[in-house]
Amino acid sequence: MKQQRHEAFLMCPPAHFEVSYVINPWMEGNVAHADLSLAQRQWRALRDGLAQVAQVREMPAAAGVPDMVFTANGGLVLEDAVVLSRFRHVERQDEEPRFKAWFESQGLRVLSMPAHIPFEGAGDALLDRQAELLWMGYGHRTDVRAAPLIAGWLEIEVQSLQLVDPRFYHLDTCFCPLAGGYLMYYPAAFDAASQKAIAARVPEHRRIVVGEEDALAFACNTVNSAGHVFLNRASPALRARLEQAGFEVHETPLSEFMKAGGAAKCLTLKLTEPRRRAANAPM
Ligand code: ARG
């Protein structure tokens with residue numbers, strides 16, 4: 001693997017990870033069923049793999065917030081600003097001040113949602129990798145009213161997408177913008193209007209459509225750094241499609257985190273998010 005450490009990702013070690021409540025369908029039947037030492041090995045394998053191609057920063061773990069390993073849900077970063085999450089479920093709300101403190105320690109400008117508008121960070125808000133565009137999911141966790149607020153604060157166009165399958169309750173469980181303008185996604189997780197909106201914005205040859213089996217293996221929950229993608233598992237067909245698009249595919253099993261409803265992408269938050277238009281702007 002080539003060393004390309006210009007991108008940075010935030011991770012939180014699973015020192016206190018467990019499934020101790022049920023706030024999504026994946027957690028049902030899994031309370032107290034995650035193997036902590038296996039989870040820690042799986043997490044380290046992801047971290048070490050990602051650290052080969054990007055910078056990984058770690059925030060301190062804390063007892064009593066077992067889902068804080070899913071740093072994607074801490075907020076949405078764009079340049080030097082971060083929109084802090086407001087968790088829908090009380091079980092995760094104690095993570096908010098911890099993420100806030102970490103973001104502030106990094107000198108990020110922290111923007112906060114009004115108290116009555118749930119927003120679950122980069123779980124439901126994904127920057128396109130080609131266009132100056134923010135894709136936002138709603139329907140399970142993030143409130144649809146978060147979209148216009150964020151569009152105004154960050155001065156970015158937002159495309160809202162309605163999520164309709166409770167198994168794919170965050171946008172990043174079924175949708176992944178990739179380098180080069182590719183988009184990997186599971187269409188059935190979206191309502192018809194959202195499927196149309198996606199098709200209108202992303203040309204067919206850039207759409208990587210994932211079937212149900214790959215989607216249920218959390219293939220769309222992919223960490224992308226430059227030409228590398230890290231995911232729990234990909235079928236041979238999906239792997240071939242990704243390779244054909246120019247990506248090096250790294251499978252990194254994350255069974256214990258899937259019991260909590262998350263995989264590779266959920267365990268990371270991208271901290272280096274330049275604006276697309278700045279990159280193309282004339283000097
Ligand atoms: N148990 C966590 C929850 O339900 C899992 C979060 C997964 N994160 C993600 N970005 N999809 O909130």
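Order of appearance sets the numbers: ligands from 1, and atoms from 1 within every ligand. These numbers were taken from a predicted model, which means no experiment stands behind them. These numbers come from the heavy atoms of this one structure, side chains and all, not from hydrogens, waters or symmetry mates.
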For atom 4 (O) of ligand 1, which of the options Met258, Arg141, His170 provides the nearest non-hydrogen atom? Arg141
Considering only protein heavy atoms, which is closest to [atom], and at what distance to one decimal place?
atom: atom 2 (C) of ligand 1; answer: Asp67 OD2, 3.3 Å
atom: atom 10 (N) of ligand 1; answer: Asp172 OD2, 2.8 Å
atom: atom 7 (C) of ligand 1; answer: Tyr169 OH, 3.4 Å
atom: atom 8 (N) of ligand 1; answer: Asn73 OD1, 2.9 Å

For ligand 1, which atoms sit closer than 4.0 Å to a heavy atom of [X]?
X: Ala260; value: 1 (N), 2 (C), 5 (C)
X: Thr173; value: 11 (N)
X: Gly261; value: 7 (C)
X: Gly123; value: 10 (N)
X: Met27; value: 1 (N)

Going through the distances and angles, do Met136 and Leu171 end up as a side chain to side chain contact (heavy atoms under 4.5 Å, CB included)? CA-CA 7 Å; Met136 283 188 65; Leu171 182 62; 5.6 Å; no
What do we get for Arg92 next to ligand 1 when only non-hydrogen atoms under 4.0 Å count, side chain, backbone, both or neither? side chain
Please evaluate residues Ser85 and Asn73 with respect to the criterion side-chain hydrogen bond (donor to acceptor under 3.5 Å, both in side chains), reporting the C-alpha separation (whole Å), side-chain torsions for both, the decisive distance (0.1 Å), and the verdict. CA-CA 7 Å; Ser85 288; Asn73 297 122; over 6 Å; no
Hey, does [Y] have a side-chain heavy atom less than 4.5 Å from the side chain of [X]?
X: Glu243; Y: Val249; value: yes
X: Arg275; Y: Glu132; value: yes
X: Arg129; Y: Arg276; value: yes
X: Tyr21; Y: Val31; value: no

N or O contact, Glu120 vs ligand 1, cut-off under 3.5 Å: no
Between ligand 1 and Cys266, is the shortest N or O to N or O distance under 3.5 Å? no
His89 touching ligand 1 at heavy-atom level, < 4.0 angstrom: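 The answer is no: ligand 1 sits nowhere under 4.0 Å from a heavy atom of His89.
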Non-hydrogen atom of Phe87 closer than 4.0 Å to ligand 1: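 No; Phe87 lies far enough from ligand 1 that no heavy-atom distance drops under 4.0 Å.
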Once you measure the plane-to-plane angle for Tyr186 and Phe168, does it fall in the parallel (<30°), tilted (30-60°) or perpendicular (>60°) bin?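 Correct class here is tilted.
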Centroid separation Phe175 to Phe190 less than 6.0 Å: yes
Are Arg88 and Glu120 close enough for a salt bridge, meaning some N to O gap below 4.0 Å? no
Working to the nearest 0.5 Å, report the span between CE of Met258 and CH2 of Trp26. 4.5 Å
